[in-house]
Amino acid sequence: MAALTDLDRQLLSALREDGRASVASLARRLGVARATVNSRLDRLLSSGIIVGFSARVRDELDPLAIKAIALIAVEGRTTDRVIRQLRGIPEIRTLHTTNGGWDLVAELRTESLRDFDQVLGRIRGIEGVVNSETSLLLSSVLR
């Protein structure tokens with residue numbers, strides 16, 4: 001994967017602010033030609049730096065969604081295999097490796113407590129997961 005240039009970083013920043021921005025508006029904002037923005041986008045997509053585009057929904061518009069953070073301990077050298085299996089669980093919104101007492105941190109989002117319970121069961125049932133601790137997120141006070 002090629003190193004990111006300053007222009008790449010500026011483009012990624014602009015897309016994080018407004019993922020629906022047109023190529024023309026991105027070009028104006030960055031002070032470059034539209035062809036430059038197109039080629040950078042193509043390269044960022046083909047190299048896997050940009051993995052997709054999505055719509056974000058304001059949390060308060062989905063007040064019944066269950067959100068949680070799961071701390072996961074993994075046995076020995078099974079981390080890569082566990083990560084591959086966790087990536088296949090759509091209710092896991094983000095997944096991070098970490099240091100300290102836990103090996104992985106996952107952000108979960110489900111539609112109901114029943115779904116939440118099932119997701120926890122799936123996580124705990126993965127071979128190599130030796131322990132987990134989950135905390136429900138009640139309200140966001142800083143974003």
If you look at every heavy atom in [X] and [Y], which pair is closest and at what distance?
X: Leu108; Y: Ala70; value: CD1-CB, 4.1 Å
X: Ile123; Y: Val129; value: O-CG2, 3.6 Å
X: Arg81; Y: Glu127; value: NH1-O, 3.4 Å
X: Ser25; Y: Ala21; value: OG-CB, 3.7 Å
X: Arg122; Y: Ile126; value: O-CG1, 3.3 Å

Any chance you could lay out the side-chain contact (heavy atoms from CB on, under 4.5 Å) test for Leu30 and Thr36, step after step, and finish with the verdict? CA-CA 10 Å; Leu30 300 174; Thr36 301; over 6 Å; no
Could you give the distance from [atom1] ([X]) to [atom2] ([Y]), rounded to the nearest 0.5 Å?
X: Leu4; Y: Gln10; atom1: CG; atom2: CD; answer: 12.0 Å
X: Leu95; Y: Glu107; atom1: CG; atom2: CD; answer: 11.0 Å
X: Ile66; Y: Glu91; atom1: CD1; atom2: CD; answer: 12.5 Å

Side-chain contact, heavy-atom cut-off 4.5 Å: Asp8 with Ile49?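 Answer no - side chains too far apart.
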Side-chain touch Val82/Glu75, heavy atoms, less than 4.5 angstrom: no
Just to verify, which of Leu71, Val74, Thr98 counts as forming a side chain to side chain contact (heavy atoms under 4.5 Å, CB included) with Leu104?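 Among Leu71, Val74, Thr98, the one that satisfies the side chain to side chain contact (heavy atoms under 4.5 Å, CB included) with Leu104 is Val74.
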Hey, does the side chain of Asp115 reach the backbone of Thr110 with a donor-acceptor pair shorter than 3.5 angstrom? no
Check: Ser132 main-chain N/O paired with Arg124 side-chain donor or acceptor under 3.5 Å: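 Such a contact is absent between Arg124 side chain and Ser132 backbone.
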Ser39 side chain to Asp42 side chain, donor-acceptor N/O pair below 3.5 angstrom: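 Absent: no donor and acceptor within the cut-off.
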Honestly curious: do [X] and [Y] fall in one hydrophobic cluster under the side-chain, below-4.5 Å linking rule?
X: Ile89; Y: Phe116; result: yes
X: Leu120; Y: Val105; result: no
X: Val32; Y: Leu41; result: yes
X: Leu136; Y: Ile92; result: yes
X: Leu26; Y: Leu7; result: yes

Assess whether a salt bridge exists between Asp117 and Arg114, defined as any Lys/Arg side-chain N lying under 4.0 Å from an Asp/Glu carboxylate O. no
Return yes when atom CZ of Arg34 has more than 12 non-hydrogen atoms of other residues, nucleotides or ligands closer than 6.0 Å, and no otherwise.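 At most 12 heavy atoms, drawn from other residues, nucleotides or ligands, come within 6.0 Å of this atom.
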